[in-house]
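Every chain is numbered from 1 and lettered A, B, ... according to where its sequence line falls, protein lines coming before strand lines. This structure is a prediction, so every number in the text was calculated from the model and none was measured. In what follows, every heavy atom counts, from backbone to side chain, and hydrogens, waters and symmetry copies are set aside.
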Amino acid sequence: MPELPEVEVTRRRIAPAMVGRTVRSVRTTANSYFFVTPPGRLRARLAGRRLAGLTRSGKYLLAHTEDGSRLLLHLGMTGQLFSSDATSPRLLSATARAALEPDAQLDFRPDRHTHLRLAFDDGGPEVYLRDVRKFGKVQWLAPGEPCERLDRLGTDALEVTGSHLFEASRGRKVAVKSFLLDQSVVAGTGNIYADEALFHAGVRPTRAAGRVPRRSYEAIADATKRVMLRSIETGGSSISDYVAPDGSDGGYQDERRVYARTGSPCRACGTAIRRKVIGQRSAHYCPACQR
DNA sequence: ACCGCACCCTGAGCGC
DNA sequence: TGCGCTCAGGGTGCGG
């Protein structure tokens, strides 16, 4: 599931394949709620544009055109933004994978989940946006057009501070885990990094956000930034579908302490990691290290 | 204002 | 073999 580190790694690695190139043609799948901007209009707006930059806000990517228009992309749960040169078993379904010879590298062919295909006028590699569950979003923003999704976002997780979290949490009764997932408080944190940051800060995810002391929020803010920067360094977490734009896996899944490690021994103290549903999401924590 | 929950979607994995 | 069920979850919107 792409969170800030995966989106940032995607941004850095796909940028060379987008920025400075002119879109020649756009192909999309049929209209669905995945397309905030209907696909017909999207194709018309995008064709012929030269892309001038690629930025990130929280978990959103923004491709900027020379005239100030923006293409807003969200990868949702299963979104993959990659070059047509990429090969990875993660770009195939399990049945397609099973049909592969052990060491075969099957080139990716756009399938029914490939919702956006950008071809460029230099005839080079295309850029694909694939999203099996369609929890992602694509939206066209005209120059100056306001965007509620972006305006709602709080402090970017890479810049979050303990005082910001402390002040925003006063009076809040939700579990601190749910509080950290609120994108209007911190933008970019998702289920994996919220669990990991709480582990490193030694805070139990079930605690009411409003009752977590300032010093713990300092630790949570530090841990959030440290964990995310390290994940970016290692190429993100390839836990289910995430794959970098060149098809390579990330490495941070090997460094995680609690996420999806239910029943395994805590790497710090050996106690079995527990899983508990908080706010309709799985939370993972060490009952001994996190109080 | 805040909180809990349903909903959007598809594939994997499981029990029968 | 195959069916039906459950689970995974980011973000939005609604009712209490």
| request: For B/dT10, take OP1 and OP2 only and decide whether either is under 4.0 Å from a side-chain N or O of A/His113. | output: no
| query | In whole angstroms, how far is the P atom of B/dC8 from the NE2 atom of A/His115? | reply | 17 Å
| field | Spacing of A/Phe35 atom CZ relative to B/dC9 atom C1', expressed in whole Å | value | 14 Å
| query | Given atom CG of A/Asn31 and atom C1' of B/dC8, what is their separation to the nearest angstrom? | reply | 14 Å
| Using Watson-Crick pairs (N1 to N3, plus N6-O4 or O6-N4) and G-U wobble pairs, both distances under 3.5 Å, which stems of at least 3 pairs involve DNA chain C? | B:2-16 with C:2-16
| task | State the NZ-OG1 distance between A/Lys177 and A/Thr189, to the nearest 0.5 angstrom. | result | 11.0 Å
| query | What pairs with A/Phe34 under ring pair (Phe, Tyr, Trp, His ring centres under 6.0 Å), at least two apart in sequence or on another chain? | reply | A/His115
| cation_pi(A/Arg261, A/Tyr259) dist<6.0 Å, angle<=45 | no
| said: Any salt bridge linking A/Glu196 with A/Arg256? Criterion: basic side-chain nitrogen under 4.0 Å from a carboxylate oxygen. | reply: no
| request: With the side chain counted from C-beta on, respond yes when A/Leu181 and A/Arg281 share a heavy-atom pair under 4.5 Å apart, and no when they do not. | output: yes
| message | With side chain to side chain donor-acceptor pair (under 3.5 Å) as the criterion, how do A/Ser282 and A/Arg275 come out once you've worked through the C-alpha distance, each side chain's angles and the decisive distance to 0.1 Å? | response | CA-CA 6 Å; A/Ser282 308; A/Arg275 172 183 175 275; 3.1 Å; yes
| request: Apply salt bridge (charged side-chain N to carboxylate O under 4.0 Å, His left out) to A/Asp156 and A/Arg56, showing your working. | output: CA-CA 10 Å; A/Asp156 196 83; A/Arg56 180 190 59 76; 2.9 Å; yes
| Does the ring of A/Tyr33 meet both stacking tests against the six-membered base ring of B/dC8: centre distance under 5.5 Å and plane angle under 30°? | no
Quiz: residues 208-224 of chain A side-chain donor-acceptor pairs under 3.5 angstrom, not counting sequence neighbours:
from, atom 1, to, atom 2, distance (Å)
A/Tyr217, OH, A/Ala209, O, 2.7
A/Thr224, OG1, A/Ile220, O, 2.7

| note | Testing B/dC5, B/dG11, C/dG10 for proximity to the side chain of A/Gln280, the answer is B/dC5
| request: Using heavy atoms to find the nearest nucleotide of DNA chain B for A/Val132 and A/Ala175 separately, return the residue whose nucleotide is more 5′. | output: A/Ala175
| query | What is the distance, rounded to the nearest whole Å, between atom CD1 of A/Ile278 and atom P of B/dG4? | reply | 11 Å
What pairs of nitrogen or oxygen atoms, one from the protein and one from nucleotides 4-8 of chain C, lie under 3.5 Å apart?
from, atom 1, to, atom 2, distance (Å)
C/dA8, OP1, A/Arg275, NE, 3.4
C/dA8, OP1, A/Arg275, NH2, 2.4
C/dA8, OP2, A/Arg275, NH2, 3.3
C/dA8, N3, A/Arg133, NH1, 2.9
C/dA8, N3, A/Arg133, NH2, 3.3

Restricting both atoms to N or O, compile the protein contacts to nucleotides 1-3 of chain B shorter than 3.5 Å, with distance only.
from, atom 1, to, atom 2, distance (Å)
B/dC3, OP1, A/Lys173, N, 2.3
B/dC3, OP1, A/Val174, N, 3.0
B/dC3, OP2, A/Arg172, NE, 2.5
B/dC3, OP2, A/Arg172, NH2, 3.1

| query | Less than 4.0 Å between a side-chain N and a carboxylate O, is that true for A/Arg49 and A/Asp67? | reply | yes
| message | Can you tell whether the side chains of A/Glu6 and A/Arg11 come within less than 4.0 Å, N to carboxylate O? | response | no
| task | Take atom CG of A/Asp131 and atom P of B/dG11, then tell me their distance rounded to the nearest Å. | result | 11 Å
| field | SB check A/Asp121 A/Arg21 (cutoff 4.0 Å) | value | no
Polar atom pairs between nucleotides 12-14 of chain C and protein, under 3.5 Å, N or O only, would you list them?
from, atom 1, to, atom 2, distance (Å)
C/dT12, OP1, A/Arg149, NH1, 3.4
C/dT12, OP1, A/Arg152, NH2, 3.3

| said: Working to the nearest 0.5 angstrom, can you tell me the gap between A/Gln183 CD and A/Leu4 CG? | reply: 9.0 Å
| task | Could you state the atom-to-atom distance from CD of A/Gln80 to C1' of B/dC9 in whole Å? | result | 15 Å
| query | Rounded to whole angstroms, how far apart are CG on A/Leu153 and P on C/dG11? | reply | 8 Å
| request: Quick one: do A/Lys137 and A/Asp131 satisfy salt bridge (charged side-chain N to carboxylate O under 4.0 Å, His left out)? Show the steps, please. | output: CA-CA 9 Å; A/Lys137 288 278 177 286; A/Asp131 186 354; over 6 Å; no
| task | Kindly indicate, with the supporting measurements, whether the criterion salt bridge (charged side-chain N to carboxylate O under 4.0 Å, His left out) is fulfilled by A/Glu126 and A/Arg27. | result | CA-CA 11 Å; A/Glu126 302 188 4; A/Arg27 275 171 293 186; 3.4 Å; yes
